[in-house]
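By convention in this document, chain letters (A, B, ...) are assigned in the order of the sequence lines, proteins followed by strands, and residues within each chain are numbered from 1. Both backbone and side-chain heavy atoms feed into the values below; hydrogens, waters and symmetry mates do not.
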There are 2 protein chains.
Amino acid sequence: MPRAPTQAAAEPKRRPPKRWHRRRDARPAEIVAAALGAFAERGFAAARLDDIAARAGITKGTLYLYFPNKEALLKAVVETALLPNLAQAETLAARDAGAVGTLVAAIATQIGRIIATTPLGAIPKIMLAEAGNFPDLARFYLNAVIGRGLRLFGTLVRRGIAAGEFRAVDPEATARLIIAPILMTALWQNSFAAYEETKHDPADFIARSIDLVLRGLAAAPRGAQP
Amino acid sequence: MPRAPTQAAAEPKRRPPKRWHRRRDARPAEIVAAALGAFAERGFAAARLDDIAARAGITKGTLYLYFPNKEALLKAVVETALLPNLAQAETLAARDAGAVGTLVAAIATQIGRIIATTPLGAIPKIMLAEAGNFPDLARFYLNAVIGRGLRLFGTLVRRGIAAGEFRAVDPEATARLIIAPILMTALWQNSFAAYEETKHDPADFIARSIDLVLRGLAAAPRGAQP
DNA sequence: ATTAAATAACTTACTGGTTAGTTATTAAAT
DNA sequence: ATTTAATAACTAACCAGTAAGTTATTTAAT
């Protein structure tokens, strides 16, 4: 925020305070971070571009030098903030040492950590709410995030079945079921969690849920125990 | 719908066509139904009161004769459209013939039917999205719907444990886990379902999920594992 | 029964506030 | 001196909520 010049120029050599800097490279990332924060707190529709600009330390006009409109801003948030984490999860899933169940639990835990410590968990809520109003954005998210996430867990489930670790379930439906408690945690933390008096630990809930689901998936009632 | 006067007044005693009727008793329910439809399609923020009024066959001013503001309209939707269904589920749960697992599956199926055949499934999405912007409404929903729903399933889980049908799990967390796939179905059907090319059957997903969760809950075949 | 007065239901047109997006101008950098 | 980055002030549109005015219905008097 620019300081108003409160005193007269006693020393003429005093460097004049800069009102702003040219920082073409740094802006986009800062704007995206600001937008994520604003969208997370108020939702897409209710978030104000003036507020996003202020969080990024600029003014609204400057936003439009970097993004053509509000919708593009949301898309950029998903692309630059969410997708790298998904890629990381895929890397984790590609390691094929040990039991698949352990891997699933590890990935779930990792996502739980992101939900608890970053504003990224707000993105599902935002996309859910606006899918109907922004078809292009919805399709992009469906392909780039949801489809990819389902494929990730679907592949793991297939691996578990092939290894004799899981029963012969439907991989697609099972992937959705694994994601359900994780997604629910993300939604809860970004909506009602603030209002509940007896808090409930998100990481613990995810761990319990995955554990229970894996029990339900376990291949033999008495055969091999991983 | 009022007929326009197509012919000149040959008979001066012709009654003028009525432009509208006074229907104080029928309005609130019609308005609530219209509001649910509009909120479901566009979300709370993006829904227009003019559109809601038009769906209800009235004009915007009339809305304000029955509801003080937009927020009250949403609260009325929850109260008059959602709560009765919750009460019905509770009635179903109170029957204590047969296995608890069967009862849980029956209730889940029933909720799945509501999601598939009514716009009620849109309410979770709406509440999720707006919880942060309407604290009073959020607290009301948290108590009147979420808390009540969790209590319902929590009670069933406790019954299952007491009957030796389930392992000694945490009832609260398990209730959330049971709800997760149901909730996810409701959210999916009201956001991304319209965009997916290979449709997925919501009822089938709920059934598979509950089945898998119940397997995970099943008391150990022989020795009990805490 | 008719008519007139009173009331209740509804509509129409407007207001005030809000906000996405635009543009004229200014400041910094080269 | 010119170009680029940024601001600040502006516009156009939208929309929740309001209130003045209109039409239907009810009540009461003749």
Kindly write out the residues that satisfy side chain to side chain contact (heavy atoms under 4.5 Å, CB included) with A:T62, not counting sequence neighbours, or none if the list is empty.
A:I58, A:T59, A:L65, A:Y66
Rounded to whole Å, CD of B:E30 lies from C1' of C:dA9 at a distance of 14 Å
Measure from CG on B:L49 to C1' on D:dG17 and round the result to the nearest Å.
8 Å
Pick base, sugar-phosphate or nothing for B:A47, based on heavy-atom distances below 4.0 Å to the nucleic acid.
sugar-phosphate
Do the side chain of A:K70 and the main chain of A:A47 share a donor and acceptor less than 3.5 angstrom apart?
yes
A:G112 and A:I206 have their tightest heavy-atom pair at CA-CD1, 3.7 Å
Between B:R176 and B:E172, does any NZ, NE, NH1 or NH2 come within less than 4.0 Å of an OD or OE carboxylate oxygen?
yes
Any side-chain N or O of A:Y64 below 4.0 angstrom from OP1/OP2 of C:dT23?
no
Counting only side-chain nitrogens and oxygens, does B:R22 get under 4.0 Å of the OP1 or OP2 atom of D:dA24?
no
Has B:N133 got a side-chain atom pairing as donor or acceptor with A:R42's backbone, closer than 3.5 angstrom?
yes
Specify the closest pair of heavy atoms between B:F153 and B:I182, including all atoms of both residues, with the distance to one decimal.
CZ-CD1, 4.5 Å
Could you label the plane-to-plane angle of the A:W188 and A:H200 rings as parallel, tilted or perpendicular, counting under 30° as parallel and over 60° as perpendicular?
perpendicular
Calculate the interatomic distance between B:I31 atom CD1 and C:dA9 atom C1'; express it in whole Å.
12 Å
Find the distance A:D50:CG to C:dG17:C1' and express it as a whole number of Å.
14 Å
Short side-chain N/O contact from B:H21 to OP1 or OP2 of D:dT25, under 4.0 Å:
yes
Look at the side chain of A:K125 and the backbone N and O of A:S191, then say whether any donor-acceptor pair between them is shorter than 3.5 Å.
no
To the nearest angstrom, how far is A:K70 atom NZ from C:dG21 atom P?
8 Å
Mind calculating the distance between CG (A:D51) and P (C:dT18) to the nearest angstrom?
15 Å
Overall bend - the helix from C:dA1-D:dT30 to C:dT30-D:dA1, comparing terminal axes fitted on five pairs, nearest 10 degrees
10°
N or O in side chain of B:R24 less than 4.0 angstrom from C:dA8 OP1/OP2:
no
Name the residue closer to the 5' end of DNA chain D, choosing between B:P68 and A:Y66 according to the nucleotide with the nearest heavy atom.
A:Y66
May I ask you to decide if B:R139's main-chain N or O and B:N143's side chain share a donor-acceptor pair within less than 3.5 Å?
yes
Protein heavy-atom contacts under 4.0 Å, written 5' to 3' over nucleotides 11-16 of chain C as B (base), S (sugar-phosphate only) or - (none), form the string BB----
